[in-house]
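Read through the structure below, which is laid out as structure tokens, and then see the notes.
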Amino acid sequence: MFRAVLTDRLQAAFAAAGIDLPVGFAPEVALASDTRFGDYQSNAAMILGKRLKTNPRALAQQVVDKLETADLCEKVAIDGPGFLNFTLSAAALEARLGGILADAKAGVPAAAAPKRIVVDFSAPNIAKPMHVGHIRSTFLGDALARVARFLGHEVITDNHVGDWGTQFGMILHGWKTRLDREALSRDAIHELVRVYKTVNAEAKADEAVLETCKGELVRLQQGDAENLGIWKECVRLTLEQLAKVYEALDVRFDHYLGESFYNEALAPLVESLLAAGIARESEGAVVVFSDGSLPPEEDPFLIRDKDDWKAAPCIVRKSDGGFLYATTDLATIDYRVRKWQADEIWYVVGAPQQLHFRQVFAVARRRGVTTRMSHIAFGSILGPDGKMFKTRSGETVGLLEVIDEAIERAREAVASRDQGLDADAQEEIARIIGTGAVKYAELSQNRLTDYKFSWDKMLSLQGNTAPYLLNAYVRTRSIFRKLDGSEPAPAADEVYTFTDPAERALAMKLAQFAEAVHDILADHRPNLLANYLFELANSYHAFYEACPVLKAEGAVRRTRLALCEAAGKVLKTGLGLLGIRTTERM
RNA sequence: GCACCCGUAGCUCAGUGGAUAGAGCAGCGGAUUUCUAAUCCGUAGGUCGAAGGUUCGAUCCCUUCCGGGUGCGCCA
């Protein structure tokens, strides 16, 4: 990575110049904010000039005098108030092109310290369809898991399915009184949802129905054989259907350890919390209060109340003896830490649950858990009214509905361009484009931003979308198809020479792939990769318009072929990290 | 009441303690006997919610306020 190498060189130059760096300060090199000035830049001299109260330009000059970058840069300039601007030499970029071709990972180095990381995402509920809200967790989690794996981490993906919620009271009652067996065998989730909604409506109107449902739930929790049997059947039917959905989405899990998996662990867990003095009884429930170890502003168990602090405890056992979300999550942490020896656990769950996770993590730490736990929060998908989609009350758009519609629109687009492809090939391409478009729409956005659901945004095939990137890839492949093996593929050890600015610009973008991939995990943000790939595709399209490949000859042709090969490789690899498959034609 | 997230072009959204704030869509004007036009090039569009503060430098950090969303003891 040029950035990392330049940073090393810069730090060495500071040392060689005999400049004492303040504690905690390390000079850094970043991508240039504007390519007019160069390829990379550093603000270190200005930051240090302020700290040391010296002239930043003079400081920069001292460093430049000691800087050894002849093998990388054609120019290192001091500009403005003290910017250090690095311009890479053509030779360095030309050599890098070979490096990308040679490396199976397109030049992305592995993480310095590989970790074992559990990624918890998607987490649909049994007997409820996945709706658009699940798009974010599923695609974000999948992309992050892919990136972590690609960087050499050991990743365990776990789908913490909601298979033991209170919704089962209603489902059990509905199963016994409202079930349409034939509909169930046709589409299990659909029928279970219908039953759930029917009973839910009845329970709202009639107190007696609600009581019946509660009774069914209690019997289930007490281990009633009939109810357990029905529950197991619901879980089985739903998981069967979910497997097909994930298959279509190209999302895989190593485990499906749902909430029910931890049932046996809950009672002992609460007892151990009580025994350790972490939890205590309050108003009949068992709760965890603040232990005063954190400043009140950072304490997740305290809420400011005027000038005072009010307790915001975490409940782990209800006064009726039932357990909660927090209890299950604590048991889950135990399992992941003990059984899997996780170094890190990533929770790809919506932002509204921030307080919940702060509390659960704090309780876990008090129990001695040292595993790094991160809540990778994301904003909500809002309805047209600007409010959150509600699963319980309002209707919402189903995830499959969105995917199907996207594929349908892609199908029309594919059919409208006659590429001489048979029906199966067209269908395959439509699926790649349709699901890719929806994934890209999600992943190209900052995960914390709330957004209004919009069909047009999700399904757009123009502009900054998956098809734009796929088209760039297709253009790389079509050149090699025309070539049909009539000349050797561009090799890693060939000498390449740039003759057009578009070639250099593309090579520069290709070189940045490694940096883009590594930056994702710093803040768990796949949109950085999506943005990068869009820029790469843009550079490739511009190159494609400006630089004929097959009409060129000699070294120019070889260099352009190498750029096409590398661009295709990076696009395919990068899209793969986002969970988006590529196609050779479209 | 308190906490968290958000407020950037007509619309949907990127972005960062740095240099002249960027895309896509929509608008306007061009490019194709094609290595796939699902493309490219150009043009237009902004008080980065408001006001203070810190800084050589703030859209970004701090404070207050306004607006939207979400959450805050027995749902998950």
Side-chain angles (χ1 to χ4, degrees), chain A residues 30 32-34 36-37 41 43 46-47 49-50 56 79-83 85 123 125 162 164-167 259 282-287 297 300 302-306 309-320 322 324-326 328-329 350-356 358 377-380 382 386-388 391-392 410 413-414 416-417 419 433 444-446 448-452 454 456-457 460-472 474-483 527-528 530-531 534-535 537-538 541-542 544-552 560 564 585-586:
Chain A
S33 59
D34 190 323
R36 267 175 315 149
F37 303 116
Q41 67 179 43
N43 308 322
M46 288 184 292
I47 295 168
K50 176 156 60 178
D79 294 314
F83 290 103
N85 288 319
N125 289 311
W164 196 253
T166 44
Q167 78 265 30
E259 290 165 353
S282 166
E283 298 172 27
V286 175
V287 304
E297 300 81 33
L302 292 177
I303 285 180
R304 188 193 289 277
D305 181 26
K306 302 217 164 59
W309 293 91
K310 200 173 70 177
C314 173
I315 303 174
V316 292
R317 192 172 76 197
K318 295 192 280 185
S319 51
D320 69 3
L324 299 111
Y325 187 27
T328 312
D329 270 354
Q353 294 180 45
Q354 200 170 61
L355 179 62
H356 165 76
R358 286 183 61 209
F378 52 84
S380 309
L382 311 175
K387 304 217 166 140
M388 264 177 84
T391 9
R392 299 204 182 158
V414 171
S416 73
R417 286 157 235 265
Q419 302 281 343
I433 291 175
S444 59
Q445 246 168 128
N446 184 318
L448 283 171
T449 309
D450 293 350
Y451 67 85
K452 272 188 201 168
S454 143
D456 283 343
K457 187 218 295 272
S460 168
L461 305 177
Q462 305 292 326
N464 187 356
T465 61
Y468 180 87
L469 307 193
L470 291 170
N471 186 40
V474 163
R475 282 178 143 189
T476 70
R477 298 329 302 160
S478 102
I479 285 176
F480 289 99
R481 205 160 44 238
K482 276 255 169 12
L483 217 53
N527 73 310
L528 297 179
N531 294 349
F534 176 68
E535 288 172 13
N538 187 239
H541 283 308
Y544 187 90
E545 303 278 342
C547 303
V549 179
L550 298 179
K551 285 176 192 143
R560 290 179 181 174
C564 290
R585 300 169 191 252
M586 62 191 283

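Fair warning: this is a prediction, and the values are worked out from it, not measured in the lab. Excluded from the calculations below are hydrogen atoms, water molecules and symmetry mates; all remaining heavy atoms, backbone and side chain alike, are included. Proteins get letters first, then strands, A, B, ... in listed order; numbering begins at 1 in each.
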Contact class for [X] (heavy atom, under 4.0 Å): base, sugar-phosphate, or nothing?
{"X": "A/Ser282", "answer": "base"}
{"X": "A/Phe37", "answer": "base"}
{"X": "A/Asn538", "answer": "sugar-phosphate"}
{"X": "A/Asp329", "answer": "nothing"}
{"X": "A/Glu283", "answer": "base"}
{"X": "A/Leu324", "answer": "sugar-phosphate"}
{"X": "A/Phe480", "answer": "nothing"}
{"X": "A/Asp34", "answer": "nothing"}
{"X": "A/Ala285", "answer": "base"}
{"X": "A/Lys452", "answer": "sugar-phosphate"}
{"X": "A/Asn527", "answer": "sugar-phosphate"}
{"X": "A/Tyr325", "answer": "base"}
{"X": "A/Glu535", "answer": "nothing"}
{"X": "A/Pro352", "answer": "sugar-phosphate"}

**Message:** In whole Å, measure the gap between the C1' atoms of B/U8 and B/C41 for me.
**Reply:**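 Going atom to atom, C1' in each nucleotide, I get 27 Å.
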**Prompt:** Looking at A/Arg475 and A/Glu545, does any basic side-chain N land under 4.0 Å from a carboxylate oxygen?
**Reply:**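 A/Glu545 and A/Arg475: salt-bridged.
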Does OP1 or OP2 of [N] have a side-chain N or O of [X] closer than 4.0 Å?
{"X": "A/Thr449", "N": "B/A14", "value": "yes"}
{"X": "A/Gln353", "N": "B/C4", "value": "no"}
{"X": "A/Arg417", "N": "B/A38", "value": "yes"}
{"X": "A/Lys457", "N": "B/U12", "value": "no"}

Name the pairing partner of [N], where a pair is Watson-Crick or G-U wobble with both distances under 3.5 Å, or state none.
{"N": "B/G17", "result": "none"}
{"N": "B/C35", "result": "none"}
{"N": "B/G67", "result": "B/C6"}
{"N": "B/C60", "result": "none"}

**Prompt:** Is A/Phe83 stacked on the base of B/A19 when the test is centres under 5.5 angstrom and planes under 30 degrees?
**Reply:**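 A/Phe83 ring centre within cut-off of B/A19 base, planes near parallel; stacks.
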**Asked** Does the side-chain ring of A/Tyr468 sit on the six-membered ring of the B/A38 base, less than 5.5 Å centre to centre and under 30° in tilt?
**Response**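 According to the criterion (under 5.5 Å, under 30°), no, A/Tyr468 does not stack.
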**Message:** Side chains of A/Asn527 and A/Asn446 only: does a donor on one sit below 3.5 Å from an acceptor on the other?
**Reply:**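 No, because no side-chain N or O of A/Asn527 sits under 3.5 Å from a partner of the opposite role on A/Asn446.
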**Prompt:** Do A/Tyr468 and A/Gln462 have side-chain N/O donor and acceptor atoms under 3.5 Å apart?
**Reply:**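 No, no side-chain donor-acceptor pair sits under 3.5 Å.
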**Item:** Ring centers of A/Phe37, A/Phe83 separated by less than 6.0 Å
**Value:**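 Ring centres of A/Phe83 and A/Phe37 not closer than 6.0 Å.
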**Message:** Expressed as a whole number of angstroms, how long is the span from A/Gln462:CD to B/U12:C1'?
**Reply:**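 Going from A/Gln462 (CD) to B/U12 (C1'), I get 16 Å.
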**Euclidean distance, atom NE2 of residue A/His541 to atom C1' of B/U39 [Å, nearest integer]** =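 Roughly 6 Å, once rounded to whole Å.
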**Asked** Any donor and acceptor pair, going by atom type alone, linking the side chain of A/Asp450 with main-chain N or O of A/Ser380 inside 3.5 Å?
**Response**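 Here the side-chain-to-backbone pair exists.
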**Asked** Between A/Asn446 and A/Ala537, which is nearer to the 5' end of RNA chain B once each is assigned its nearest nucleotide?
**Response**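 Whichever sits nearer the 5' end wins; that is A/Asn446.
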